[in-house]
Protein chains: 2
Amino acid sequence: MRQVTMGDVAKKCKLSVATVSRVYTDPEKVSPKNREKVYKAIQELNYQPNALARNLRKLQTNSILVIIPNIMNTFFSYILCAIQKVAFNSGYKVLLGDTDSSPEMEAKYLYYLQQKLVDGVILLYPRSNPEEIQKIAGEYPVVIVGQQAPESSIPFVINSNFLSSQTATEHMIKLGHRRIAHFSGRLSQPVSRERQKGFVFAMEANGLDVDKSLVCEGDFYFDSGHALALKLLSSAQPPSALVAASDEMAIGAIKAARKLGVRVPEDFAIIGFDDIKMASICEPALTTMAQPKEELARLSTEMLLSYIKGEPPHQNCVVLNDQLIIRESCGWALLNND
Amino acid sequence: MRQVTMGDVAKKCKLSVATVSRVYTDPEKVSPKNREKVYKAIQELNYQPNALARNLRKLQTNSILVIIPNIMNTFFSYILCAIQKVAFNSGYKVLLGDTDSSPEMEAKYLYYLQQKLVDGVILLYPRSNPEEIQKIAGEYPVVIVGQQAPESSIPFVINSNFLSSQTATEHMIKLGHRRIAHFSGRLSQPVSRERQKGFVFAMEANGLDVDKSLVCEGDFYFDSGHALALKLLSSAQPPSALVAASDEMAIGAIKAARKLGVRVPEDFAIIGFDDIKMASICEPALTTMAQPKEELARLSTEMLLSYIKGEPPHQNCVVLNDQLIIRESCGWALLNND
DNA sequence: TTGTAGGCGTTATCAC
DNA sequence: GTGATAACGCCTACAA
């Protein structure tokens, strides 16, 4: 069964394809009478314009690609969801690029731009090297989320990692902790380094020793937090508090503590980062630095879309603030109920 | 800067576009010498074939659309992730269609098929009415996951909802419970009805009364489980056990119990459905019926792709079995440690 | 306001 | 093995 084309519609209502086309692109330019005729023919033939042809003609796809480390993490899936909503409302489709945290996959996805498969890319927490990214992003619309693009003009949206990590650490210090551990993500990632620096800075600024054995490299995932906490808590001099660079690691640490019979927050206070869904549900509920996920998503998408349309962007680089959310895992309530 | 086309490559190596094209589609048919020339020119010009043109010419996109109620739920995001992996390995791209559980959105996404934006659709847990779906699925490749397409020939992959719900309920009965509650999803969805029926069947088959006030309609989400449990547990005759049709609702119920000082599983045993990530992490860890997510994803994708390629499918309808995963929330360990 | 016709960049079918 | 050339279905000057 051959596909119904504009030609068929045109023939049916004895008008030219140009007129039919105009009904879609600029209905005002068609006389009401003919417009009706066209609508009727479209209806009768159950015609739908072929997006492929339109795309080729206009050399654009009206779709964007979201490159994302791992949609299983609710932090990412939340952002993805928000991006899709904004994009959809602007008539853009979202192609999914889950990289499973692999730089190679990331690179492969970036080449979709060269193949004209998508009009632009939102790159979340990139893992591949900056040159690779710059090569593509120099020629096509790319917005990076969660990482500053150093010495390049790629637009980005990030949160205040250094500052927030500092805030989290100082929260623990205020609660009286002196021996505080920090779990970072892979230090190959700038985000991880920023958060670690914020921790170290806060410690030193408050005249506290940073015990190197308590500053550990994880990978943002649950298992690494679990393993690290297990090790630290069974050591000779366990810390009394933990600043984790992700909620997943923080929750892993909670589980580790429970396994060892260490009470949270009484014996071991924990603060996370991200505010994933599980943070409010786990036991005890996790105190955390909430990232402005909605804003991150909305702004980056809006930036990308105006970039695609060639509009001058309102802003190229945005730094958003995180928010400390106090729940149970840090012992604030304990202290303040006394 | 004009885009580099095949013509440019052809000119550069003094060959025809046909030959250049063949280097991509059928390299064997080009003499090794010319093949080299073409590769070199491609390299020098940094040429990438334009997918739009290719798509139009071949009238296919090599991409599929996954229509999904809510990617924030790790059950769905897990499946999505698995689908994407299988699709990617077969050279297919995945377009994301998060419907936020809205039938209208679902319908809109289905029309991507008519617009030739995608070659096929995997429809997860559809919410719109069967006629609507049938209209499109009759003409284009569609595979449904999680719902049987009654009296239509749309291929589908489901799990054994009735049976599994029965298994879950009988597990509770074996543990000695008599007054058991059931939380279903929206009863407008077949999945919900199946699971509810399985519960009722198991109760009656074991000679137990089904107290209507304990058979409650939720919506699969956390909040509904929380609210329903709160109500039931504060009633005059609270149940001693709960069979929930989703892990989210089950975890909501755990939280509700904790809020009321009801111990899980000692005073209130709970079993969930799905085996989302949080199930193994929450406190107490949730006993649940694990759906074969990986299989669901793999099979549906393979079915869709062979459907798209016009191959005769190995199978049109697949029913997979769930697996009972015993953790802490149902009290099995309690009983068996005695 | 409407119609004609030339692309958009590729692939596939012919001849050679 | 290679090269012209006609589609694929739509959009948009330009002409009428």
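Note that the structure is a prediction, hence the values are computed from the model and not measured. All values below come from the heavy atoms of this structure, side chains included, with hydrogens, waters and symmetry mates left out. Lettering follows sequence order; numbering is per chain, from 1.
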Spacing of [X] atom [atom1] relative to [N] atom [atom2], expressed in whole Å:
{"X": "A:Lys14", "N": "C:dT1", "atom1": "NZ", "atom2": "P", "result": "23 Å"}
{"X": "B:Asn55", "N": "C:dG9", "atom1": "CG", "atom2": "C1'", "result": "11 Å"}
{"X": "B:Gln60", "N": "C:dG9", "atom1": "CD", "atom2": "P", "result": "20 Å"}
{"X": "B:Lys11", "N": "D:dG3", "atom1": "NZ", "atom2": "C1'", "result": "16 Å"}
{"X": "B:Asp8", "N": "C:dG9", "atom1": "CG", "atom2": "C1'", "result": "11 Å"}
{"X": "A:Leu117", "N": "C:dT10", "atom1": "CG", "atom2": "P", "result": "13 Å"}
{"X": "A:Glu28", "N": "D:dT12", "atom1": "CD", "atom2": "P", "result": "16 Å"}
{"X": "B:Lys29", "N": "C:dC14", "atom1": "NZ", "atom2": "C1'", "result": "14 Å"}

- Query: Do B:Asp219 side-chain atoms and B:Gly185 backbone N/O form a donor-acceptor pair below 3.5 Å?
  - Reply: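 Side chain of B:Asp219 to backbone of B:Gly185, a donor-acceptor pair under 3.5 Å: no, none is there.
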- Item | Any donor-acceptor pair under 3.5 Å from A:Ser300 side chain to A:Leu296 backbone |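 Yes; at least one donor-acceptor contact below 3.5 Å.
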- Task: Compare side-chain N and O positions of B:Thr19 against OP1 and OP2 of D:dG1 and report whether any pair is under 4.0 Å apart.
- Result: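 Checking B:Thr19 against D:dG1: no side-chain N or O falls below 4.0 Å of OP1 or OP2.
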- Message: I'd like to check the side-chain hydrogen bond (donor to acceptor under 3.5 Å, both in side chains) partners of A:Ser63; sequence neighbours left out, ordered by chain and number.
- Response: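 A:Thr61.
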- Do you see a donor-acceptor pair shorter than 3.5 Å between the side chains of B:Ser102 and B:Arg127?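 B:Arg127 and B:Ser102 do not have a side-chain donor-acceptor pair below 3.5 Å.
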- Task: Tell me yes or no: between the side chains of B:Thr74 and B:Ser77, is some donor less than 3.5 Å from an acceptor?
- Result: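 Checked: B:Thr74/B:Ser77 side chains show no N/O donor-acceptor pair below 3.5 Å.
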- Could you pull out all residues at least two apart from A:Lys29 that satisfy side-chain contact (heavy atoms from CB on, under 4.5 Å)?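 A:Arg22, A:Asp26.
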At a cut-off of 3.5 Å, list every protein nitrogen or oxygen paired with a nitrogen or oxygen from nucleotides 7-11 of chain D, distance to 0.1 Å.
from	atom 1	to	atom 2	distance (Å)
D:dA7	N3	B:Arg57	NH1	3.0
D:dC8	O2	B:Arg57	N	3.4
D:dC10	OP1	A:Tyr47	OH	2.4
D:dC10	OP1	A:Asn50	N	3.1
D:dC10	OP2	A:Met6	N	2.7
D:dC11	OP1	A:Arg54	NE	2.5
D:dC11	OP1	A:Arg54	NH2	3.1
D:dC11	OP2	A:Ser21	OG	3.0
D:dC11	O2	A:Arg57	NH1	2.0

